[in-house]
Number of protein chains: 2
Amino acid sequence: MARELLEALDQAGVRLTGPRRELAALIARRTGHFTAADLLADAEQRSLGIGRATVFRLLELLADQNLVERVDLPDGRHAYVPCEPSHHHHLVCVSCGAISEVDDCGIDAVTAEAARRSGFEIQSHRLELFGRCPRCQNVEPRQ
Amino acid sequence: MARELLEALDQAGVRLTGPRRELAALIARRTGHFTAADLLADAEQRSLGIGRATVFRLLELLADQNLVERVDLPDGRHAYVPCEPSHHHHLVCVSCGAISEVDDCGIDAVTAEAARRSGFEIQSHRLELFGRCPRCQNVEPRQ
DNA sequence: ATCAGTATTGAGACTAAGTCTCAATACAAG
DNA sequence: CTTGTATTGAGACTTAGTCTCAATACTGAT
Ligand SMILES: [Zn+2]
Ligand SMILES: [Zn+2]
Ligand SMILES: [Zn+2]
Ligand SMILES: [Zn+2]
């Protein structure tokens with residue numbers, strides 16, 4: 001999966017540098033969502049000597065490329081999720097952070113209807129669903 | 001509108017203090033979304049002597065009461081929107097910040113379907129639509 | 001109106017998040 | 001290899017947001 005990130009970056013015409021390869025590997029071995037601070041901590045724990053700015057810069061690059069998506073957690077934190085470029089919605093487990101992609105089933109109709117009623121010209125939207133994944137439901141059923 | 005905020009706070013059993021009345025009035029005269037920093041700037045501009053912590057504390061109170069809703073802007077900033085307690089989705093104009101409420105037309109069906117397919121137990125969701133309001137479209141048609 | 005008890009307040013220290021600058025480095029193409 | 005340029009890390013800096021605590025101001029009871 002790190003491979004895919006790097007290939008996509010290559011396509012985009014950016015240099016495949018050491019820090020970028022290392023960060024791509026760290027992202028690949030993450031499960032679920034992660035924050036910039038998480039990634040930075042990963043890098044520091046391995047003494048990779050990667051600067052804070054580099055982490056933020058790479059995340060911005062990946063987000064521009066739709067290789068990760070920004071997710072705003074219910075508590076207000078900014079997180080990232082590795083993402084198929086064609087999908088834009090996620091189900092986020094609030095217990096373990098697991099992610100499930102959501103198909104566009106019906107969303108576009110909703111936005112179109114909202115545009116019609118309001119007169120707005122809709123440029124983008126953000127849909128995030130929060131809950132508990134099947135595994136976490138089993139661990140602690142009900143609440 | 002400030003009146004409504006204060007009444008609702010009263011109902012919730014919190015004290016109706018001077019700073020809270022003043023902030024409610026400032027919120028009432030805002031149009032569209034605003035950030036904590038915006039509100040703080042309003043207060044400072046009028047030399048009300050209201051501390052930063054008080055602003056954040058009131059916004060948290062209002063959000064708990066569903067009197068304002070947190071909105072995460074596309075650029076990552078956290079903003080607030082005065083809000084009918086029963087509605088949870090907003091159309092946000094990226095030019096002027098104007099807000100339009102979105103009915104639940106079809107959203108609930110989408111989330112139910114996503115829950116069924118994924119096995120997640122959905123607790124909450126967040127839908128934000130971004131675009132340009134009719135007025136801003138007229139000012140600068142096309143982009 | 002007064003009072004007492006407690007929620008709330010502002011100041012300011014503090015932490016975390018994110019940006020910016022700049023000289024040094026490392027990539028990639030020739 | 002060499003060369004030109006994108007990228008880098010350090011660290012200063014800016015916001016955003018939280019926390020503590022002594023002082024203050026509500027509120028409900030008297
Ligand atoms: Zn989408
Ligand atoms: Zn889970
Ligand atoms: Zn809703
Ligand atoms: Zn507008």
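So that the names make sense, note that chain A is the first sequence line, chain B the second, and so on, each numbered from 1.
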*Could you check how far CZ of B:F56 sits from P of C:dA11, rounded to whole Å?*
15 Å
*Expressed in angstrom and rounded to an integer, what is the separation of A:I50 atom CD1 from D:dT8 atom P?*
9 Å
*Report the distance from atom CG of B:D38 to atom CD1 of B:I27, rounding to the nearest 0.5 Å.*
11.0 Å
*Is there a side-chain polar atom (N or O) of B:H78 under 4.0 Å from OP1 or OP2 of D:dT15?*
no
_Among C:dG18, C:dA11, D:dG9, the one nearest B:A53 by side-chain distance_ = C:dA11
*Distance test, side-chain N/O of B:R57 to OP1/OP2 of D:dT18, below 4.0 Å*: no
Would you tabulate the nitrogen or oxygen pairs shorter than 3.5 Å linking the protein to nucleotides 24-30 of chain D?
unit_1: D:dC26; atom_1: O2; unit_2: B:R15; atom_2: NH1; d: 3.0
unit_1: D:dC26; atom_1: O2; unit_2: B:R15; atom_2: NH2; d: 3.4
unit_1: D:dT27; atom_1: OP1; unit_2: B:L16; atom_2: N; d: 3.0

*asked:* Could you check whether any side-chain heavy atom of A:L129 comes within less than 4.5 Å of a side-chain heavy atom of A:V92, counting everything from C-beta outward?
replied: no
*Just checking A:R20: base, sugar-phosphate only, or nothing, at a heavy-atom cut-off of under 4.0 Å?*
sugar-phosphate
*Answer yes when A:E113 and A:R116 have at least one side-chain N-carboxylate O distance shorter than 4.0 Å, and no when they do not.*
yes
_Integer-rounded Å distance: C:dA17 C1' and A:L59 CG_ = 13 Å
_Just so I know, are the side chains of B:L62 and B:Y80 near enough to count as touching, which here means a heavy-atom distance under 4.5 Å?_
no
*Only one of B:H125, B:E101, B:E69 clears side-chain contact (heavy atoms from CB on, under 4.5 Å) with B:H89; which?*
B:H125
*asked:* Rounding to an integer number of Å, can you tell me how far B:R52 CZ sits from C:dA11 P?
replied: 11 Å
_For A:H33, run the side-chain contact (heavy atoms from CB on, under 4.5 Å) check against A:V68, A:I99, A:V71 and tell me which one passes._
A:I99
_Taking the side chain as everything from C-beta on, heavy atoms only, tell me whether A:D72 gets closer than 4.5 Å to A:E128._
yes
*Over how many whole Å does the gap from A:E44 atom CD to C:dA17 atom C1' extend?*
14 Å
_In whole Å, I'd like the distance from the CG atom of A:L58 to the P atom of C:dG18._
15 Å
*asked:* Under 4.0 Å, counting only non-hydrogen atoms across every strand here, what does A:G76 touch: a base, just sugar-phosphate, or nothing?
replied: nothing
_Integer-rounded Å distance: D:dA6 C1' and A:L61 CG_ = 11 Å
*Atom-pair distance (CZ on A:R77; P on D:dG17), nearest Å*: 14 Å
_Between B:A37 and A:G13, which residue's closest nucleotide on DNA chain D lies nearer the 5′ terminus?_
A:G13
